[in-house]
Amino acid sequence: MRIGVSSLWAWWVPLAWLVALLAMIQIMPDGEDIFRQIAPDNRSVIYRRDDFLTLVANHMAIVGVASLVAITAGVGAAVVVTRSWGRDFLPLVAQLASMGQTFPPVAVLALSVPMLGFGTEPTIMALVLYGLLPIVRNTLVGLQGIDADVLEAARGMGMSAIQILWQVELPLAFKVIVAGIRTSVTINIATAAIGSTIGAKTLGDPIIAGIINGNTAYILQGAILIALLALCVDSSFERFSRLL
């Protein structure tokens with residue numbers, strides 16, 4: 001992977017989104033006049049129950065933990081079912097990953113709260129299940145798309161199965177796997193907001209408060225920050241994938 005001056009300069013897009021996010025976090029608490037135009041009938045138009053920077057940090061921490069678990073489980077499962085001794089489990093893994101995304105996150109939250117309680121843990125569980133499909137699917141596509149002649153040549157060189165996996169298969173499939181991770185993380189940045197319905201501290205807090213109180217300004221503040229965060233992360237993945 002070669003990184004030149006032009007490649008580094010190309011990171012201006014995610015940096016621009018990051019600057020926009022940080023600027024919005026900084027100026028939003030002082031935007032009384034602007035948001036008053038949106039919700040003139042509400043007594044309060046700036047969400048002040050929690051600091052916006054804290055909400056962004058908590059939001060990303062939840063998404064980060066969930067993504068790490070989903071990546072580990074998704075890539076690991078895809079590797080297992082592409083081995084000769086694990087191919088019988090391929091349909092099962094594919095179906096389970098598909099069910100995780102088709103099952104509504106709010107239903108996962110409702111079912112997991114009795115076991116895990118309110119807050120962060122059930123939110124992470126819902127995000128893991130929701131984020132598995134793109135990771136599993138792309139890992140399978142990447143590993144199964146490797147030319148059989150390449151694998152045969154690796155075996156002919158005396159490489160073990162583990163060496164072939166780490167030195168040949170995963171590097172060749174890496175770009176496709178990263179694309180799946182990008183999709184999973186970006187989707188979960190938006191989905192994580194639903195965790196606020198069960199007490200998790202996320203950027204969904206002002207949105208939920210706005211819905212409850214009929215305050216459009218609160219909803220807009222949460223939505224803007226989630227959108228900027230998603231754009232920043234997604235554009236970072238896009239630039240990283242170009243370096244592969």
Student: Honestly curious: do Ile162 and Leu143 fall in one hydrophobic cluster under the side-chain, below-4.5 Å linking rule?
Tutor: yes
Student: What residues form a side chain to side chain donor-acceptor pair (under 3.5 Å) with Glu121, not counting sequence neighbours?
Tutor: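 Testing Glu121 for side chain to side chain donor-acceptor pair (under 3.5 Å), a comparison that skips the adjacent residues, returns none.
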Student: Before you tell me yes or no, could you show the steps for Gln144 and Leu90 under side chain to side chain contact (heavy atoms under 4.5 Å, CB included), namely the whole-Å CA-CA distance, both residues' side-chain angles and the distance that decides it to 0.1 Å?
Tutor: CA-CA 12 Å; Gln144 293 175 336; Leu90 176 58; 3.8 Å; yes
Student: Do side-chain atoms of Gln221 reach the backbone of Val45 as a donor and acceptor pair under 3.5 angstrom?
Tutor: yes
Student: Would you find a donor on one side and an acceptor on the other, under 3.5 Å apart, between the side chain of Asn42 and the backbone of Ser44?
Tutor: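 A pair under 3.5 Å: no.
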Student: Do Val141 and Val136 land in one hydrophobic cluster if side-chain heavy atoms of ILVMFWY residues count as linked below 4.5 Å?
Tutor: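 Result: no, two separate clusters.
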Student: Assess whether atom CD of Gln26 is packed by more than 12 heavy atoms of other residues, nucleotides or ligands within 6.0 Å.
Tutor: no
Student: Please check if the side chain of Glu152 supplies one atom and the backbone of Asp149 the other of a donor-acceptor pair under 3.5 Å.
Tutor: no
Student: Sequence neighbours excluded, which residues qualify as side chain to side chain donor-acceptor pair (under 3.5 Å) partners of Arg36?
Tutor: Glu32
Student: Mark yes when over 12 heavy atoms from residues, nucleotides or ligands other than Met115 sit less than 6.0 Å from its CE; otherwise mark no.
Tutor: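 More than 12 heavy atoms, drawn from other residues, nucleotides or ligands, come within 6.0 Å of this atom.
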Student: Closest approach of Ile226 and Ala190, non-hydrogen atoms and distance?
Tutor: CG2-CA, 4.0 Å
Student: Which is it for Leu109 and Thr197 under the side chain to side chain contact (heavy atoms under 4.5 Å, CB included) test, yes or no, and what are the steps along the way?
Tutor: CA-CA 9 Å; Leu109 292 177; Thr197 61; 4.1 Å; yes
Student: Could you walk me through whether Leu151 and Asp147 pass the side chain to side chain contact (heavy atoms under 4.5 Å, CB included) test, one step at a time?
Tutor: CA-CA 7 Å; Leu151 299 179; Asp147 194 324; over 6 Å; no
Student: With rounding to the nearest 0.5 Å, note down the distance linking CG in Leu18 to SG in Cys232.
Tutor: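 Between Leu18 CG and Cys232 SG, I get 4.5 Å after rounding to 0.5 Å.
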Student: Of the non-hydrogen atoms in Val168 and Ala154, which two are nearest, and what is the gap between them?
Tutor: CG2-CB, 4.1 Å
Student: Do you know which of Thr139, Ile177, Ile164 makes side-chain contact (heavy atoms from CB on, under 4.5 Å) with Leu170?
Tutor: Ile177
Student: Restricting to non-hydrogen atoms, name the atom on Ala217 and the atom on Ile38 that form the minimum distance, rounded to 0.1 Å.
Tutor: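 The pair with the smallest heavy-atom distance is N-CG2, 4.4 Å.
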Student: Same cluster or not: Ile135 versus Leu68, using hydrophobic residues (I, L, V, M, F, W, Y) connected whenever any side-chain heavy atoms lie under 4.5 Å apart?
Tutor: no
Student: Looking at side-chain heavy atoms only, is the closest gap between Leu203 and Leu229 below 4.5 Å?
Tutor: yes
Student: Give a yes or no on whether the backbone of Ile189 and the side-chain of His59 come within a donor-acceptor separation of less than 3.5 Å.
Tutor: yes
Student: Please report the interatomic distance OH(Tyr218) to CD1(Ile207), rounded to the nearest 0.5 Å.
Tutor: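 Going from the OH atom of Tyr218 to the CD1 atom of Ile207 covers 13.5 Å.
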Student: Once you round to the nearest 0.5 Å, how far does CG of Leu225 lie from CD1 of Ile25?
Tutor: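 Leu225 CG to Ile25 CD1: 6.0 Å, rounded to 0.5 Å.
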Student: Would you mind listing every salt bridge (charged side-chain N to carboxylate O under 4.0 Å, His left out) that reaches into residues 179-203, with sequence neighbours excluded?
Tutor: Asp50-Lys201, Arg182-Asp234, Lys201-Asp205
Student: Is the shortest heavy-atom distance from the side chain of Pro206 to the side chain of Leu55 under 4.5 Å?
Tutor: yes
Student: Do Leu53 and Leu228 share a hydrophobic cluster (ILVMFWY, side-chain heavy atoms under 4.5 Å, transitive)?
Tutor: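 Yes, Leu53 connects to Leu228 through the hydrophobic network.
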Student: Identify the two heavy atoms, one from Ser112 and one from Met125, that lie closest to each other, and give their separation to 0.1 Å.
Tutor: CB-SD, 3.7 Å
Student: Quick check: does any side chain N or O of Thr82 sit under 3.5 Å from a backbone N or O of Val79, one acting as donor and the other as acceptor?
Tutor: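 Looks like yes, one N/O pair under 3.5 Å.
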Student: The test is side chain to side chain contact (heavy atoms under 4.5 Å, CB included); show your working for Trp11 and Phe240 and say whether it passes.
Tutor: CA-CA 9 Å; Trp11 283 87; Phe240 176 71; 4.1 Å; yes
Student: When rounded to the nearest 0.5 angstrom, what distance separates OG in Ser184 from CG in Asn138?
Tutor: 10.0 Å
Student: How far does CD1 of Ile71 sit from CD1 of Ile181, to the nearest 0.5 angstrom?
Tutor: 4.0 Å
Student: Taking Asn188 for the side chain and Leu127 for the main chain, is one N or O donor matched with an acceptor at less than 3.5 Å?
Tutor: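 Yes: the side chain of Asn188 pairs with the backbone of Leu127.
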Student: For Ala209, does its backbone N or O pair with a side-chain atom of Asn215 as donor and acceptor, under 3.5 Å?
Tutor: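 Checking the backbone N and O of Ala209 against the side chain of Asn215, no donor-acceptor pair under 3.5 Å is found.
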Student: What heavy-atom pair brings Gly142 and Val176 nearest, and what distance separates the two atoms?
Tutor: N-CG1, 4.0 Å
Student: Under the 3.5 angstrom rule, does the side chain of Arg48 hit a backbone N or O of Pro29 as a donor-acceptor pair?
Tutor: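 Checked: pair present.
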Student: With clusters defined by side-chain heavy atoms of hydrophobic residues (ILVMFWY) lying less than 4.5 Å apart, directly or transitively, does Met24 cluster with Phe35?
Tutor: yes
Student: Say you draw a straight line from OG1 of Thr123 to CD1 of Ile194; how long is it, rounded to the nearest 0.5 Å?
Tutor: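 Spacing of OG1 (Thr123) from CD1 (Ile194) equals 9.0 Å.
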Student: Evaluate whether atom CD1 of Ile34 has more than 12 neighbouring non-hydrogen atoms of other residues, nucleotides or ligands under 6.0 angstrom away.
Tutor: no
Student: Taking the side chain as every heavy atom from C-beta outward, state whether Met60 and Val233 have any pair of such atoms under 4.5 Å apart.
Tutor: yes
Student: May I ask you to decide if the ring planes of Tyr47 and Phe52 are parallel, tilted or perpendicular, using 30° and 60° as cut-offs?
Tutor: tilted
